[in-house]
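This report concerns only the one structure given below.
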Amino acid sequence: MTSTVSAKPVSWKGKGKATNSEADFYDLNPMITYRLLHSRNLGVKDPLRVIALCDSDAFYAACEQIRLGIDPSRPLVVQQWDSLIAVNYPARKFGITRMEKIKEAKKKCPELVVVHVATYKEGEKEPGYWENPDTSTHKVSLDHYRRESMKVIRMFQEGLPSGEIEKASIDEAFIDFTRPVREEILRRYPYLSQVPADAPNGADSPLPPPPPIMWDGLGTVLPVNAPSPVNSVIAVDAPGDQGISYDDSEGIDNGDDSTTWHDVALAIAAELMGKIRHDIHMKVGYTTSAGIARNKFLAKLTASYKKPNSQSILRNAAIPNYLRPLPFQKIRFLGGKLGKAIAEEYEASTVGDLLSISLGQLMQRKFGEESIWVYEILRGIDRSEVKEKSAVNKSMMASKNLPNPIMKASQGPHWIRVLAAELALRLREAREEMPALWPKTLVLHARQSYDASRSKQAAFPFTRDASVDVIASAGDKLWKELVGTDNSRTTPLKITNVALGFTGVGVMEVGQRSIDAFLKPPSTSKEAQGTDTPVKRKRDSHDDAQDARRDLVRRKSGSDGEAVPDRATYFVCNECGKRISLPGDLVGDGLEQVIVKEALEALRVEHTDFHYAQELSKELGDSVGSPRKFRPSSGEQTQPGTKKRKPKQSGGIAKFFAAK
Ligand code: DCP
Ligand code: CA
């Protein structure tokens, strides 16, 4: 990696000089002390916070261009029915925009490559690129784009193991560079790691002045003084929809001497971002555009400054001139009623128009609790965190708007099958990442004309084989409950949307996994074939996590005490000395050893949880939770005369017993 900032040690003579005297923007150059630099968990208050928003260029169009191996310089659009949903940059040169009709686009560019988005059709397990797909029989599939999106996200994760990444949409993600950048600053400028002996206020002294920055090759640095181009400003919430004007300030240091340590942080983040973007382009083929600034709001705003295949950097000093001309109703959450009310109240249209309104004035009006957020966002302050979203999708929904509404109940199963195919594929793919994923509930929504949607849901069968057939038949049952049958209905039908989805998609616990294996008949269970020798499968991260948990369980409730035979159906708890056994119906002949072992592990986990809960309960005292609330799993051999309580239902082996 090339160094963009001189590593020359600088003598200590710094002071937190304010480079921007703009009273409206009061926090552009906070004093950065040794204490702040050395603190680790400042979170959103970190004065060296650096966030990027990285967005793929003309994403669906790029996905199709790469899938089909088409030259990227050829104009290409992605079609959904008779509209365009993505237009690549060569096609944009012909003036083609999204939401245009195919006919108009072809008139503008006769050599235009038009790809219709993949669709599901009934009877097919996978979506395909069919000839003449029809909205009355087919359903759009975004699966390919989701898969490609995951490839890009994985490249972010590989490129930045210590940074936080939040997927913001199918083709964009926020990256929190604060931590890796701080590590890099301390590595490049080792003199910052110690508070100098002559520092007047010890650790609370400001850092010495930063070294000069060579911005060349790092991206477009937004100008500090010149007003920003109006077009790029407009494209806040809809990058790419507007015409884009290019600013050629690449590599310019804006001729001012106001370089700050935050600028150094931005420059390092720009290096890291540039490298990741380059790798994405080389390895998976997508070009991206990024914005780099001090928070999410500004990073997003900056990302659309110059596209495609570019990155733009918003220095704190450039914030005022970038924000002032921005029509504030383009800011997310200020586009609706709130923005309209503010516009009317103050006869204002740009951010600049509102800067003279004090926080007190905002609060006195009707903007109440939102006043602080409004006041701060207008000054480029955004405290929202970059939060990694759980890898587990809590729900998966497949939905279809019906241009030809369903008029008879018997037409439902056709669409349910189409939606089931999408769900089956999505679950299968999610399980490639996380094998133990299991949807707890299947839900069916149906919207009748313009009424609100109605829904029915049911527990989803506990099976690994979530095939189209299994999902569709569960969906059909829900349909009958929700809509009835042709014979049972007395009121006419006009269903304009059907959606089928999984909710509560989570990772099975150890116990649940074994239950899954139990539920498979031995003849169809791969793992159960060949009775004694477990079939080897590829290890995955889930296995590692499980191993770690098992180690912990072994240490706590371990089988290290009494020697337990290899084919044992019990273990002896180190903590209470009790022998904990699998119930009789699980230990009969014919059950494969690997399954028994898993069930035993599940029992062990639950038993340890019991002890843990008991300890916790003792520590917290009865006011919080009585130890009586917790009990060992039903596997414990109860003393004669002891009243047997119901096993806890939360998970582990108990769930299995409950399900039996
Ligand atoms: N998309 C869609 N319908 C919309 C907006 C977007 O189907 N109204 C899809 C197609 C886009 C993808 O989402 O390719 C990403 O949306 P973007 O707004 O990021 O647009 P692009 O990536 O196509 O273009 P840009 O380069 O301007 O980001
Ligand atoms: Ca995009």
Side-chain angles (χ1 to χ4, degrees), residues 52-68 70 72-73 75-102 105 112-119 127 133 135 139-153 155-156 166-175 220 229 231-246 273 276-277 280-281 284-291 296 299-312 330 332 335 398-401:
L53 183 277
C54 189
D55 173 52
S56 297
D57 300 321
F59 186 54
Y60 291 6
C63 289
E64 297 300 349
Q65 174 255 311
I66 290 169
R67 185 181 66 81
L68 297 165
I70 292 171
S73 66
L76 182 150
V77 292
V78 178
Q79 174 190 3
Q80 177 176 319
W81 316 129
D82 59 353
S83 302
L84 300 185
I85 52 170
V87 180
N88 76 356
Y89 283 78
R92 291 184 202 190
K93 284 200 184 133
F94 289 86
I96 299 171
T97 61
R98 197 151 55 193
M99 308 317 289
E100 202 153 17
K101 299 282 176 217
I102 299 288
L112 188 67
V113 180
V114 181
V115 185
H116 194 287
V117 61
T119 52
T135 178
K139 181 200 171 306
V140 164
S141 152
L142 302 180
D143 303 288
H144 179 62
Y145 310 136
R146 278 195 201 103
R147 268 194 301 267
E148 294 301 289
S149 160
M150 278 317 294
K151 283 190 196 166
V152 175
I153 294 286
M155 300 269 324
F156 288 144
E166 175 184 323
K167 195 170 185 295
S169 76
I170 194 156
D171 77 331
E172 57 185 9
F174 286 105
I175 304 172
T220 300
N231 280 340
S232 67
V233 162
I234 286 171
V236 182
D237 264 335
D241 274 350
Q242 322 290 330
I244 288 162
S245 80
Y246 294 96
M273 187 74 254
I276 296 171
R277 289 182 43 246
I280 291 171
H281 193 192
V284 282
Y286 297 100
T287 65
T288 52
S289 298
K296 286 170 82 175
K300 167 91 178 156
L301 197 61
T302 306
S304 52
Y305 186 77
K306 184 177 173 183
K307 288 174 126 245
N309 201 14
S310 280
Q311 60 183 42
S312 308
K330 293 281 173 190
R332 204 168 166 218
S399 157
K400 172 73 188 171
N401 284 328

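Hydrogens, waters and symmetry mates are skipped; everything else that's a heavy atom, side chains included, is used. In each ligand, atom 1 is the first atom listed, and ligand 1 is the first ligand listed.
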Below 4.0 Å from any atom of ligand 1, is there a heavy atom belonging to [X]?
X: Y89; value: yes
X: R98; value: yes
X: R92; value: yes

N/O/S atom of [X] inside 3.0 Å of the Ca ion (ligand 2), strictly under:
X: E172; answer: no
X: S56; answer: yes
X: D171; answer: yes

Side chain or backbone of I85 under 4.0 Å from ligand 1, or both, or neither, by non-hydrogen atoms? both
For ligand 1, indicate whether the residue V78 contacts it via side chain, backbone, both or neither (heavy-atom separation under 4.0 Å). neither
Does an N or O from F59, backbone or side chain, lie closer than 3.5 Å to an N or O of ligand 1? yes
Of all the atoms in ligand 1, which lie at a distance below 4.0 Å from a heavy atom belonging to A86? 14 (O)
Atoms of ligand 1 close to D171 [distance to a heavy atom under 4.0 angstrom, numbered from 1]: 15 (C), 19 (O), 22 (O)
Answer with yes or no whether the side chains of Y305 and Q311 bring together a donor and an acceptor at under 3.5 Å. no
Distance-only donor-acceptor check, side chains T135 and K400, under 3.5 Å: yes
Would you mind reporting whether [Y] and [X] have side-chain heavy atoms less than 4.5 Å apart?
X: V77; Y: E64; answer: no
X: K307; Y: Y89; answer: yes
X: I175; Y: M273; answer: yes

K151: what forms a salt bridge (Lys or Arg N to Asp or Glu O under 4.0 Å) with it, not counting sequence neighbours? E148
Out of Q80, K307, M99, indicate the one that has the non-hydrogen atom closest to atom 28 (O) of ligand 1. K307
Relative to atom 23 (O) of ligand 1, which among S56, A58, S83 owns the nearest non-hydrogen atom? A58
For the backbone of C54 and the side chain of T288, can you confirm whether one donor and one acceptor N or O come within less than 3.5 Å of each other? no
Looking at CG of D171 and OH of Y60, how far apart are the two atoms once the value is rounded to the nearest 0.5 Å? 7.5 Å
Picking from D57, T302, N309, D55, what satisfies side-chain hydrogen bond (donor to acceptor under 3.5 Å, both in side chains) with S289? D57
